[in-house]
Amino acid sequence: MPMPVMKNRTSSILALTAAVITLAFSSGPRVAAQTGGVIAEVRVRVAQRDFAGGERVIADHHRAYGVTSQSLEAMSWMGRGALALQRWA
């Protein structure tokens, strides 16, 4: 009797794993584009002291994806850059 229960659990775990992998790969490029794109682009703009450009990148990201954790991190990089350059206003 214990064998069929174990077989059902194993099948369920395999099915769940397959579903998670499928979802991960199906949304992968979009997530990767969001993650590296806005943060990396803003960091480049901050390094160039182009804060207006960084704000435009974040605004474009907000229009495309809404407010995301990546856009919040990008905003924090803007703040760090302003702090490092003592740009208080």
Value for CD1 (Ile39) from CD (Gln70), rounded to nearest 0.5 Å, stands at 5.5 Å
What residues, two or more places apart in sequence or in another chain, satisfy side chain to side chain contact (heavy atoms under 4.5 Å, CB included) together with Ala84?
none
Report, one line per pair, each donor and acceptor closer than 3.5 Å where one atom sits in a side chain of residues 46-55; sequence neighbours left out.
residue : atom : partner : partner atom : Å
Asp50   : OD1  : Gly53   : N            : 2.9
Asp50   : OD2  : Arg45   : NH1          : 3.4

In sequence, state the C-alpha distance, the side-chain angles, and the governing distance for His62 and Ile58, and then conclude on side-chain contact (heavy atoms from CB on, under 4.5 Å).
CA-CA 6 Å; His62 284 170; Ile58 292 169; 3.6 Å; yes
Starting from Leu85, can I reach Met78 by hopping between I/L/V/M/F/W/Y residues whose side chains sit under 4.5 Å apart?
yes
Shortest non-hydrogen contact between Gly66 and Ser71, atoms and distance:
O-OG, 4.4 Å
